[in-house]
Amino acid sequence: MSKTPAPDPVSPHVMAPGTTYPRDLRGYGANPPDPRWPNGAKLALSFVLNYEEGGENTVLNGDAGSELYLHEVPGGSPTLGERNRTVETQFDYGARAGVWRVMRLFAQRGLKFTVYGVGRALELNPEVTRAFAAAGHEVASHGWRWIDYHGMPEDEERAEIARCVETIERLTGRRPVGWYTGRISPNTRRLVAEHGGFLYDSDSYDDDLPHYIEVAGKPQLIIPYTLDANDMKFAVPPGFGDPDGFERYLRDAVEMLRAEGAAGAPKMMSVGLHCRLVGRPGRAASLARFLDHLVACGDVWVATREEIARHWWATHPPK
C-alpha cells in the first residue's frame with residue numbers, strides 16, 4: 001500500500017504580483033506543481049453533465065420569452081409573451097430521453113460524472129435527480145435558473161444560491177460541494193464564498209490545473225471548466241459539424257495531455273456535456289467511442305470534480 005504524499009502548499013492569489021491589475025496572467029508559469037494524481041495517473045479527467053432542462057427561459061418560469069441558447073436552432077428572436085413549443089420540446093428531450101442514454105453509457109463502463117444541476121430543472125424532475133445520486137454521480141450547483149445572472153440584484157442572487165443548495169440537498173440527501181453558474185454576475189464568486197460550504201468554484205476557464213484565489217478573505221479552490229471540449233459546440237458557431245469532429249477533438253486533447261503527463265507534468269481536463277445535445281443517438285455514439293478510448297488508456301483518472309477537489313485540498317493545501 002502506497003504512502004499518502006506529504007502536502008505541497010500552494011499560495012492563493014488575487015492579482016498579478018506587484019500590480020493592482022485584477023487578473024493573474026502568470027499562473028503556475030513554466031513549472032506547474034505535480035498534481036500527484038492517484039495511482040500515478042498522467043491525466044485527471046472530469047466529465048460534467050449539465051442538467052438544465054426546465055430551468056431555461058420560458059414564460060412558464062415567468063420570463064418574457066423563449067430560450068435562444070444551446071438548442072438545435074440557435075439564434076433568431078425569442079417568442080415573447082407566449083410559449084415556444086418547438087424550443088421547449090428540444091429541452092424536454094434531454095430530460096425525457098437524453099439524460100437516461102448518457103447515464104447508461106457511463107454505467108456500462110463504471111464511470112462517474114459531475115452534474116451541474118440547475119435547481120429549477122432538478123425540482124421539475126426529482127426522479128432523475130435521485131437517480132444521479134443513487135448512481136454515485138456528484139450533483140453540484142448550477143444556479144437556481146439557467147439564465148444570465150449579470151444584472152440580477154445582489155440580494156436576489158444570494159437568495160437563489162441558497163434556494164439551489166437547499167433543493168439539491170433535499171432531493172439527493174446531500175449538500176452540494178461544488179458551484180458553477182456559467183453566466184455570472186460581478187457578485188457571484190463573492191456570494192458563493194459567503195454562502196460557504198463549497199469545496200470548489202468552477203466559474204473559470206483559465207488553466208489546466210486547479211488553483212487557489214482569495215475570496216472574501218479566504219482561499220477558494222478554483223477547478224477550471226471548459227467551453228472548447230464541450231458538446232455546446234454543436235449548437236454555436238464555429239462548432240462541431242459532425243460527431244466525428246467532436247470525438248477527434250476530445251481524443252487529441254487527451255493524447256496531448258497524456259504526453260505532457262508522461263513527460264513529468266500531469267494535468268487536468270474537463271469535458272462538458274448536455275443531455276439535449278450529446279444525448280441524441282448520433283452524438284451519443286461518438287461519446288461511447290470516446291469513453292471506450294479512455295478506459296483503454298489505463299493512465300487516465302476519470303473522477304468527479306469533488307474527488308479532484310478533495311485530492312487537491314489534501315495534496316496541495318493553500319499556504
Original post:
Do side-chain atoms of N61 reach the backbone of D63 as a donor and acceptor pair under 3.5 angstrom?
Top reply: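 Checked: no pair found.
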
Original post:
Is it true that Y212 and W313 have ring centroids separated by less than 6.0 Å?
Top reply: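 They qualify: ring centres under 6.0 Å apart.
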
Subject >> S141: side chain to side chain contact (heavy atoms under 4.5 Å, CB included) partners, not counting sequence neighbours >> reply: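 S141 satisfies side chain to side chain contact (heavy atoms under 4.5 Å, CB included) with C164, V165, I168, P176, W179, F198 once adjacent residues are dropped.
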
Would you mind checking if [Y] and [X] are paired as a salt bridge, meaning a charged N to carboxylate O distance below 4.0 Å?
{"X": "D201", "Y": "R189", "result": "yes"}
{"X": "E247", "Y": "R251", "result": "yes"}
{"X": "E88", "Y": "R85", "result": "no"}

Subject >> Candidate list E154, E160, E156, test salt bridge (Lys or Arg N to Asp or Glu O under 4.0 Å), partner R158, passing option >> reply: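 One option only clears the test, and that one is E154.
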
**OP:** Check the pair E56 / V87 against side-chain contact (heavy atoms from CB on, under 4.5 Å), numbers first and verdict last.
**Re:** CA-CA 10 Å; E56 78 279 4; V87 171; 5.6 Å; no

**OP:** Apply the side chain to side chain donor-acceptor pair (under 3.5 Å) test between E157 and each candidate in T188, T181, N187; give the one that qualifies.
**Re:**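 Running side chain to side chain donor-acceptor pair (under 3.5 Å) over T188, T181, N187 with E157 returns exactly one hit, T188.
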
Subject >> Modelled atom types, side-chain donor and acceptor of N125 and Y51, under 3.5 Å >> reply: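 Note: N125 and Y51 side chains meet the donor-acceptor criterion.
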
Original post:
Between the side chains of D24 and H211, is a donor N or O closer than 3.5 angstrom to an acceptor N or O?
Top reply: no

Original post:
So does R96 have more than 12 non-hydrogen atoms from other groups sitting under 6.0 Å from CZ?
Top reply: no

Side-chain atoms of residues 263-273: list all donor-acceptor pairs with protein atoms under 3.5 Å, sequence neighbours left out, distances to 0.1 Å.
unit_1 : atom_1 : unit_2 : atom_2 : d
K267   : NZ     : E260   : OE1    : 3.0
K267   : NZ     : A265   : O      : 3.1
S270   : OG     : P224   : O      : 3.3
S270   : OG     : R305   : NH1    : 2.9

Original post:
Between V278 and R101, does a side-chain contact (heavy atoms from CB on, under 4.5 Å) hold up when you go through it step by step?
Top reply: CA-CA 9 Å; V278 83; R101 179 171 290 117; over 6 Å; no

**OP:** Report yes or no: is the cationic atom of R283 (NZ for Lys, CZ for Arg) closer than 6.0 Å to the six-membered ring centre of F234, at no more than 45° off its axis?
**Re:** yes

Original post:
Between H142 and Y116, what is the ring plane arrangement, given parallel below 30°, perpendicular above 60°, and tilted in between?
Top reply: tilted

**OP:** Over 60° means perpendicular and under 30° means parallel, so classify the ring planes of F132 and H137, tilted if in between.
**Re:**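 Aromatic pair H137/F132 classed perpendicular.
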
**OP:** Measure across H71 and V73 and return the closest heavy-atom pair with its distance rounded to 0.1 Å.
**Re:** CE1-O, 2.8 Å

Original post:
What distance do W301 atom CH2 and I308 atom CD1 have between them, rounded to the nearest 0.5 Å?
Top reply: 5.5 Å

